[in-house]
Protein chains: 2
Amino acid sequence: MESELQVFQDYIRRRDLRRTRERERILQEVFEIHGHFDVDGLYLQLKQKGVKVSKASIYRALPLFIDCGLVREVEFSEGHWHYEHIYGHSHHNHLRCLGCGEIQEFENQFLNCLEEQLAREYGYYIQNHHLQVQGFCPACRQAAGLPAASNFLKKVDNEQ
Amino acid sequence: MESELQVFQDYIRRRDLRRTRERERILQEVFEIHGHFDVDGLYLQLKQKGVKVSKASIYRALPLFIDCGLVREVEFSEGHWHYEHIYGHSHHNHLRCLGCGEIQEFENQFLNCLEEQLAREYGYYIQNHHLQVQGFCPACRQAAGLPAASNFLKKVDNEQ
DNA sequence: GCTACTATAGCAAATGAATCTCATTAAAGA
DNA sequence: TCTTTAATGAGATTCATTTGCTATAGTAGC
Ligand SMILES: [Mn+2]
Ligand SMILES: [Mn+2]
Ligand SMILES: [Zn+2]
Ligand SMILES: [Zn+2]
């Protein structure tokens with residue numbers, strides 16, 4: 001498989017943009033981050049390593065990475081966007097703990113069924129989806145005295 | 001069923017806050033809006049009706065409405081949040097057209113299966129989920145020459 | 001109703017993520 | 001090397017949202 005750098009360079013050529021040290025250094029840093037990141041974190045991480053890039057360059061580079069499919073916006077929280085690199089990763093969604101903030105990544109075949117059904121039912125061409133599930137992880141769940149079930153199941157039980 | 005006003009007043013009492021004309025007028029306006037809205041739209045709509053409320057009050061009221069389950073954040077786009085009232089509506093997700101911006105609301109039982117599976121697999125207590133599906137509506141799809149299928153199906157077809 | 005207490009509204013000022021400006025730098029192609 | 005022009009960096013700007021301040025209004029007790 002092509003490296004993310006090659007993907008980016010192909011994109012740069014295709015779009016008639018210029019290869020620059022800054023963009024490629026930012027890209028490298030993005031792919032060294034495991035998990036999610038935000039602009040400020042990325043900036044500080046580069047700074048700590050002695051890399052001199054301005055925030056403006058980061059803000060300008062991210063849309064390019066997103067456009068060529070290397071990075072995606074994950075969520076808007078704490079008043080700003082969070083991102084993750086996605087090249088070489090299978091598509092996944094996020095299960096977030098409302099207690100400790102832990103993020104569990106998961107894949108699920110039900111979403112393919114759902115996409116098919118939406119395409120059939122509404123005549124849409126489905127491009128992608130963005131799903132975030134919220135709940136409490138085993139530790140936080142027990143600390144809060146909640147059962148090991150979904151809110152949905154609990155409701156169904158109550159109705160019986 | 002209780003009215004949204006009653007739900008809010010109960011909440012106000014529970015939290016030891018004070019009933020005010022402004023909050024209740026904003027709430028009324030929110031429930032007169034069919035579809036999604038943003039702070040600016042809500043503010044202008046009130047202004048046009050001659051209702052004098054400041055934006056600060058709207059910004060301070062919305063978190064209360066959200067906290068008592070009457071309103072939810074729908075999406076962050078165009079640099080700011082969009083909301084919708086949810087009390088008395090069944091839970092739904094959004095299918096958004098990337099061409100014209102049309103939003104189709106849908107419910108789907110696959111998501112219940114998914115929640116159950118996540119609860120079982122990861123031991124989480126699932127509270128809720130937020131799903132947005134993006135694609136092209138029939139009109140925009142045809143204008144763009146796209147097939148009536150999901151990106152996923154297209155990929156599967158290519159691999160065969 | 002009157003009073004005391006204090007949460008809230010309104011306004012203006014502050015905040016901060018994201019974008020823009022513009023002088024300077026440096027790719028890329030000849 | 002030289003020319004052209006896209007990209008960078010630093011600071012200014014924008015604009016949604018938050019916050020501080022003070023007058024006002026909701027509420028409980030009389
Ligand atoms: Mn992830
Ligand atoms: Mn909706
Ligand atoms: Zn947790
Ligand atoms: Zn459309």
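Predicted model only: the values in this text are computed from it and were never measured.
- Between the CD1 atom of B:I12 and the P atom of C:dT8 there is a distance of 7 Å, rounded to whole Å.
- The pair A:R72-A:E84 meets the salt-bridge criterion, since a charged nitrogen lies less than 4.0 angstrom from a carboxylate oxygen.
- Looking at B:Y43, its side chain never comes within 3.5 Å of a backbone N or O of B:V53 through a donor-acceptor pair.
- Using a 4.0 Å heavy-atom cutoff across all strands shown, B:R60 reaches at least one base atom of the nucleic acid.
- Side-chain atoms of A:R23 lie closest to D:dA7 of the nucleotides D:dT17, D:dG9, D:dA7.
- A straight line from NZ of A:K55 to C1' of C:dC20 spans 16 Å, rounded to a whole angstrom.
- In this structure a side-chain-to-backbone donor-acceptor pair under 3.5 Å is missing from A:H130 to A:N128.
- Distance from the side chain of B:A56 is smallest to C:dC11 among D:dA10, C:dC11, D:dT17.
- Closest contact between the side chain of A:V53 and the listed nucleotides D:dG9, D:dT17, D:dG26 involves D:dG9.
- At whole-Å resolution of the value, CD in B:E22 and C1' in D:dG26 are 11 Å apart.
- Atom CG of A:L64 is separated from atom P of C:dT19 by 12 Å (rounded to the nearest Å).
- Side-chain proximity of A:H80 to the nucleotides C:dA9, D:dG9, C:dA18 is greatest for C:dA18.
- With distances taken from any side-chain atom of A:T20 to the nucleotides D:dA7, C:dT19, C:dT21, the minimum falls on D:dA7.
- Counted within 6.0 Å of NE2 on A:H34, heavy atoms from surrounding residues, nucleotides or ligands total 12 or fewer; the atom is thus considered open.
- Distance CD (B:E73) to P (D:dT17): 10 Å, rounded to an integer number of Å.
- Between B:R18 and B:K52, the residue anchored closer to the 5' end of DNA chain C is B:R18, taking for each the nucleotide with the nearest heavy atom.
- Distances from the side chain of A:R21 to the nucleotides C:dA18, C:dA27, D:dG9 place C:dA27 closest.
- Considering only side-chain atoms of B:S57, the nucleotide from D:dT8, D:dA7, C:dG10 that sits closest is C:dG10.
- When rounded to the nearest whole Å, the span between CD of A:E24 and P of D:dA7 equals 13 Å.
- If you measure from atom OH of B:Y59 to atom C1' of C:dG10, you get 15 Å, rounded to the nearest angstrom.
- Remark: P of D:dA28 and CZ of B:R13 are 10 Å apart, rounded to the nearest angstrom.
- Between the A:H85 side chain and the A:V30 main chain, a donor and an acceptor come within less than 3.5 Å of each other.
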